Visitor: 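So that we are looking at the same thing, I have put the structure below in structure tokens.
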Amino acid sequence: MCLGIPGRIVGLLDAECYLAIVEIGGVQRSVSIACIVDDEHPAESCVGDWVLVHVGFAMSRLDEDEAARTLALLAELGDMQQNELPGQSA
């Protein structure tokens, strides 16, 4: 199963190579934005955008509400998994 995580582009590392800094859950990492850059959305215009990140690539843009909903669902799944640790019975 593949999982994309919402993150916000907070800066550019190299506009010519389509590399940006994306913040996900307070952690910043280098991400390729080559998949979301086009004539209407050059690299410089991506700062501030919410994107869906998978294995180091920004795969698509998200609006802020969709990103917030997805992050809330992922947090809920994480809480559920912590409550169901191996060896515990319900």
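Remember, predicted model here, so these are calculated numbers, not experimental data. Each residue takes its place number in the sequence, starting with 1.
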Visitor: Working note: Thr70 + Ile5, criterion side chain to side chain contact (heavy atoms under 4.5 Å, CB included); need CA distance, chi angles, decisive distance, verdict.
Guide: CA-CA 8 Å; Thr70 303; Ile5 306 293; over 6 Å; no
Visitor: Who are the side chain to side chain donor-acceptor pair (under 3.5 Å) partners of Arg61, not counting sequence neighbours?
Guide: Asp49
Visitor: Got a sec, which pairs hit side chain to side chain donor-acceptor pair (under 3.5 Å) with one end in residues 15-34, sequence neighbours left out?
Guide: Glu23-Gln28
Visitor: Would a hydrophobic clustering, with Ile, Leu, Val, Met, Phe, Trp and Tyr connected at side-chain separations under 4.5 Å, put Val10 with Val31?
Guide: no
Visitor: Among all residues two or more places apart in sequence or in another chain, which pass the side-chain contact (heavy atoms from CB on, under 4.5 Å) test with Ala20?
Guide: Ile9, Leu12, Ile33
Visitor: Only counting residues at least two apart or in another chain, list the ones meeting side-chain contact (heavy atoms from CB on, under 4.5 Å) with Asp65.
Guide: Asp63, Arg69
Visitor: Walk me through it: do Val37 and Cys46 pass the test side chain to side chain contact (heavy atoms under 4.5 Å, CB included)?
Guide: CA-CA 8 Å; Val37 172; Cys46 294; 4.3 Å; yes
Visitor: Rounded at 0.5 Å granularity, tell me how far CG in Leu62 sits from CZ in Arg8.
Guide: 11.5 Å
Visitor: Determine, using the 4.5 Å side-chain heavy-atom cutoff (strictly less than), whether Ile24 and Leu13 are members of one ILVMFWY cluster.
Guide: no
Visitor: Using the test side chain to side chain donor-acceptor pair (under 3.5 Å), find all partners of Glu64 that sit at least two apart in sequence or belong to another chain.
Guide: none
Visitor: Please report the C-alpha distance between Ile36 and Val51 in whole Å, then the side-chain angles of each, then the deciding distance to 0.1 Å, and finally whether the side chain to side chain contact (heavy atoms under 4.5 Å, CB included) criterion is met.
Guide: CA-CA 9 Å; Ile36 64 166; Val51 292; 3.6 Å; yes
Visitor: Quick one: pull up CG in Leu52 and CG in Leu3 and give me the separation to the nearest 0.5 Å.
Guide: 8.0 Å
Visitor: When clusters are formed from ILVMFWY side-chain contacts under 4.5 Å, directly or step by step, what else is grouped with Val55?
Guide: Phe57, Met59
